[in-house]
Amino acid sequence: MEKMPYRPELENIRFVQPPVEHAVSSDWREGLPVLTSHHVTMRELRASDAPSLFALLTAEEVSRFISPPPSTVEGFERFIAWTQRQRRAGSYACFAVTLDGSDTAIGIFQLRELEPGFGTAEWGFAIGSPYWGSGAFQEAGELMLDFAFETVGVHRLEARAAVRNGRGNGALRKMGAVQEGRLRKSFLKNGEYLDQMLWTILDEDRKAKKIWESEGGTIH
Ligand SMILES: CC(C)(COP(=O)(O)OP(=O)(O)OC[C@H]1O[C@@H](n2cnc3c(N)ncnc32)[C@H](O)[C@@H]1OP(=O)(O)O)[C@@H](O)C(=O)NCCC(=O)NCCS
């Protein structure tokens with residue numbers, strides 16, 4: 001999530017209400033698919049998600065180690081419009097996370113290309129703190145990894161987490177990410193440069209994990 005590309009200060013377009021998209025296209029650039037698991041549904045962000053995302057993602061415990069989220073509901077509306085433009089351009093995708101029986105967005109998962117063609121990409125995520133430890137992150141993360149590797153065709157997926165961000169690093173580890181190294185003083189937060197850990201998942205890691213799980217393997 002750190003250093004994901006949206007920057008509100010670069011945003012000066014007028015917000016236009018996008019049409020609600022019900023159709024699922026086979027090309028994710030034309031509209032994100034709806035991804036479902038046991039208790040979690042992931043879908044394209046909508047302008048109406050702005051109030052819940054503002055309330056949940058601007059909380060201090062959520063934003064402590066990530067790029068500053070928009071500071072108003074209107075800022076989130078502009079962010080959501082921006083995510084849709086970037087998705088249409090084919091360089092970025094952002095999903096809302098919703099839970100069983102509710103359409104309220106409780107968090108987001110972002111995916112952006114790091115090179116043309118999406119061979120190498122970066123992902124980031126944030127979930128409202130009332131839902132931490134609930135299993136929602138892991139279910140949503142599995143859906144996002146399938147989307148990245150199987151739908152988008154990512155070969156190498158990177159994530160950066162501030163070393164001090166225990167939950168963020170723990171979350172990446174449990175998704176099967178491998179720690180590749182420490183990026184010294186790579187993330188400016190509140191006037192201080194923080195070290196980050198670089199985590200990666202390769203498409204071959206993901207395939208091997210799936211085969212292992214289908215043969216009855218479990219992670220303890
Ligand atoms: C990152 C985030 C989406 C993860 O969701 P979550 O529901 O908290 O994640 P989970 O509880 O499923 O997994 C976190 C894991 O880290 C572990 N953990 C918690 N604190 C930890 C710490 N200080 N050090 C190491 N591991 C820690 C948890 O025990 C858990 O592992 P377990 O399920 O095996 O016990 C959520 O915490 C969040 O939104 N954080 C704020 C935004 C953010 O930091 N985003 C990530 C940037 S890389």
Side-chain angles (χ1 to χ4, degrees), residues 1-7 35 37-42 45 49 52-71 76 79 83 92-100 102 104-112 114 120-148 154 156-190 192-201 209 213 217-220:
M1 186 75 177
E2 289 89 352
K3 296 200 175 167
M4 293 302 277
Y6 177 69
R7 292 288 179 276
L35 312 175
S37 181
H38 300 295
H39 303 295
V40 165
T41 296
M42 294 171 76
L45 287 171
D49 295 324
S52 67
L53 292 178
F54 168 72
L56 291 167
L57 303 190
T58 57
E60 201 278 327
E61 68 275 14
V62 176
S63 61
R64 187 179 304 156
F65 297 118
I66 60 178
S67 303
S71 56
F76 267 92
F79 164 69
T83 67
Y92 172 91
C94 186
F95 286 90
V97 180
T98 68
L99 300 177
D100 263 353
S102 165
T104 302
I106 61 143
I108 59 171
F109 273 68
Q110 305 183 79
L111 181 73
R112 70 160 170 142
L114 292 180
T120 306
E122 179 179 13
W123 66 324
F125 32 77
I127 288 184
S129 54
Y131 306 94
W132 290 3
S134 69
F137 164 74
Q138 194 160 11
E139 274 194 36
E142 290 291 338
L143 291 170
M144 190 66 180
L145 290 178
D146 283 348
F147 175 75
V154 171
R156 170 186 162 90
L157 185 62
E158 300 185 357
R160 289 156 179 74
V163 170
R164 292 182 199 162
N165 185 355
R167 276 206 103 81
N169 286 291
L172 284 159
R173 184 187 302 280
K174 90 179 194 189
M175 293 313 296
V178 173
Q179 215 174 67
E180 283 195 351
R182 186 175 184 122
L183 306 171
R184 295 184 303 156
K185 296 193 186 297
S186 54
F187 179 54
L188 183 61
K189 184 72 187 179
N190 297 333
E192 183 188 6
Y193 279 106
L194 304 181
D195 289 3
Q196 294 175 294
M197 299 312 303
L198 175 64
W199 294 87
T200 59
I201 304 176
K209 180 168 179 267
E213 285 171 355
T218 51
I219 297 174
H220 299 287

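Computed from a prediction, not measured in an experiment: that's the story for all the values here. Both counts, for ligands and for their atoms, begin at 1 and track the order of listing.
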Which one of R173, R160, E180, M175 satisfies the side chain to side chain contact (heavy atoms under 4.5 Å, CB included) criterion with W199?
-> R173

Do any heavy atoms of A126 fall under 4.0 Å from ligand 1?
-> yes

How are the rings of F76 and F54 set to each other: parallel, tilted or perpendicular (split at 30° and 60°)?
-> perpendicular

Do any N/O atoms on R167 end up under 3.5 angstrom from N/O atoms on ligand 1?
-> yes

Out of curiosity, is Q138 lining ligand 1, as in a heavy atom under 4.0 Å away?
-> no

Scanning both residues in full, the closest heavy-atom pair of A121 with L111 reads CB-CD1, 4.0 Å

Against heavy atoms of A171, which atoms of ligand 1 measure under 4.0 Å?
-> 4 (C), 14 (C), 15 (C), 16 (O)

Specify side chain, backbone, both or neither for W132, according to which of its non-hydrogen atoms lie closer than 4.0 Å to ligand 1.
-> both

Kindly say whether S37 contributes a backbone atom to a donor-acceptor pair with the side chain of E139 at under 3.5 angstrom?
-> no

Indicate the ring-plane relationship of F95 and F147, choosing parallel, tilted or perpendicular according to the 30° and 60° boundaries.
-> perpendicular

Report yes if S134 has an N/O atom closer than 3.5 Å to an N/O atom of ligand 1; otherwise report no.
-> no

Given the rule in the salt bridge (charged side-chain N to carboxylate O under 4.0 Å, His left out) test, do R167 and E61 qualify, once you have shown the distances and angles that lead to the verdict?
-> CA-CA 11 Å; R167 276 206 103 81; E61 68 275 14; over 6 Å; no

Is there a donor-acceptor pair under 3.5 Å between the side chain of T98 and the backbone N or O of T41?
-> yes

Heteroatom distance test (G133, ligand 1): nitrogen or oxygen, under 3.5 angstrom = yes

Apply side-chain contact (heavy atoms from CB on, under 4.5 Å) to the pair I108 and L57, showing each step before the final yes or no.
-> CA-CA 9 Å; I108 59 171; L57 303 190; 4.1 Å; yes

Is R160 close to ligand 1, meaning an N/O of one under 3.5 Å from an N/O of the other?
-> no

Return a yes/no value for F137: is any of its N or O atoms, backbone included, closer than 3.5 angstrom to an N or O of ligand 1?
-> no

Among G166, G141, A59, the residue with a heavy atom nearest to atom 27 (C) of ligand 1 is G166

Heavy-atom nearest neighbour of atom 43 (C) of ligand 1 within options L172, V97, I66 | I66

May I ask you to check whether F125 has an N/O atom sitting below 3.5 Å from an N/O atom of ligand 1?
-> yes

